[in-house]
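Below you'll find the structure, written out as structure tokens, and then a few comments.
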Amino acid sequence: MSEQKNVGIVIVSHSAKVAEGAADMVRQMVGDSVPLAAVGGNADGGLGTDVGAIMGAIDRAWSESGVAILVDLGGAETNSEMAVEMMPEERRERIVICNAPLVEGAVMAATEASGGSPLDAVRATAEELMGG
């Protein structure tokens, strides 16, 4: 039986620097054991998010075990939802958007994923930070 890859993590922020910084923290905590992609800013390099860029990040972090997305503000969540809807149907059910703080959630989700946990457990670990 082939070994299943760890759940991937996507970080979506309105700021490219925030996304890069959060990804850097995750890499320092879990190394390369988790597929990871970060995206931030709009197409013009300002604050915002871009659906196409989010789709690219999902592709870069893709794992057969699924992908957990962490976002900073409402617009990032909306654009992430749109990106998920535009993904191939067979991938959509393996992508979740976590209701968790961006940096802490990404670190906790990646730590859980690095142990080989399934997508539901990765999401639950990140969302525990919201008290529910």
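A quick note: this is a predicted structure, and the numbers were derived from the prediction, not measured. Sequence positions, counted from 1, serve as the residue numbers for this chain.
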Item to complete: Check for a donor-acceptor pair, side chain of Ser13 on one end and backbone N or O of Asp72 on the other, with a separation under 3.5 Å.
Response: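 The answer is no, because no donor-acceptor pair under 3.5 Å joins these two groups.
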Worksheet item: For the side chain of Asn6 and the backbone of Val34, is there at least one donor-acceptor N/O pair under 3.5 Å apart?
Response: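 Here the side-chain-to-backbone pair does not exist.
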Are [X] and [Y] in one and the same hydrophobic cluster, where Ile, Leu, Val, Met, Phe, Trp and Tyr link if side-chain heavy atoms are under 4.5 Å apart?
| X | Y | answer |
| --- | --- | --- |
| Val67 | Val51 | yes |
| Val107 | Val7 | yes |
| Leu70 | Met108 | no |
| Trp62 | Ile97 | yes |
| Val96 | Leu102 | yes |

Closest heavy-atom pair and its distance - [X], [Y]:
| X | Y | value |
| --- | --- | --- |
| Glu112 | Ser117 | OE2-OG, 2.6 Å |
| Arg60 | Ala38 | NH2-O, 3.6 Å |
| Met130 | Ala100 | CG-CA, 3.7 Å |
| Pro35 | Ala61 | CB-O, 3.3 Å |
| Val122 | Ala68 | CG1-CB, 4.1 Å |
| Ser114 | Ser33 | CB-OG, 3.3 Å |

Fill in: side-chain hydrogen bond (donor to acceptor under 3.5 Å, both in side chains): pairs with one or both residues in residues 94-110, sequence neighbours excluded
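Listed once each, the pairs are Glu64-Arg94.
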Worksheet item: Please, which pairs that meet salt bridge (Lys or Arg N to Asp or Glu O under 4.0 Å) have at least one residue in residues 35-59, sequence neighbours excluded?
Response: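 Residue pairs with at least one partner in residues 35-59: Asp59-Arg91.
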Worksheet entry | Side chain to side chain, Ile9 and Ile69, heavy atoms closer than 4.5 Å |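 No, their side chains stay 4.5 Å or more apart.
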Please set out all donor-acceptor pairs under 3.5 angstrom arising from side-chain atoms of residues 73-89, sequence neighbours excluded.
unit_1: Thr78; atom_1: OG1; unit_2: Gly74; atom_2: O; d: 3.1
unit_1: Asn79; atom_1: ND2; unit_2: Thr49; atom_2: O; d: 3.3
unit_1: Asn79; atom_1: ND2; unit_2: Thr49; atom_2: OG1; d: 2.7
unit_1: Ser80; atom_1: OG; unit_2: Ala76; atom_2: O; d: 2.7

Expected list for residues 17-29: side-chain donor-acceptor pairs under 3.5 angstrom, two or more places apart:
unit_1: Asp24; atom_1: OD2; unit_2: Gln28; atom_2: NE2; d: 3.0

Worksheet item: Sequence neighbours excluded, which residues qualify as side-chain hydrogen bond (donor to acceptor under 3.5 Å, both in side chains) partners of Thr111?
Response: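 Thr111 satisfies side-chain hydrogen bond (donor to acceptor under 3.5 Å, both in side chains) with no other residue.
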Practice prompt. Quick one: list whatever passes side-chain hydrogen bond (donor to acceptor under 3.5 Å, both in side chains) with Ser15, sequence neighbours left out.
Written response: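 Listed in chain order: nothing, the list is empty.
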Discussion item. Going by side chain to side chain contact (heavy atoms under 4.5 Å, CB included), name the residues that satisfy it together with Ala124, two or more places apart in sequence or in a different chain.
Written reply: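 Not a single residue meets the side chain to side chain contact (heavy atoms under 4.5 Å, CB included) criterion with Ala124.
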Discussion item. As an exercise, state the distance from CD1 of Ile58 to CD1 of Ile95, rounded to the nearest 0.5 Å.
Written reply: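 Ile58 CD1 to Ile95 CD1: 4.5 Å, rounded to 0.5 Å.
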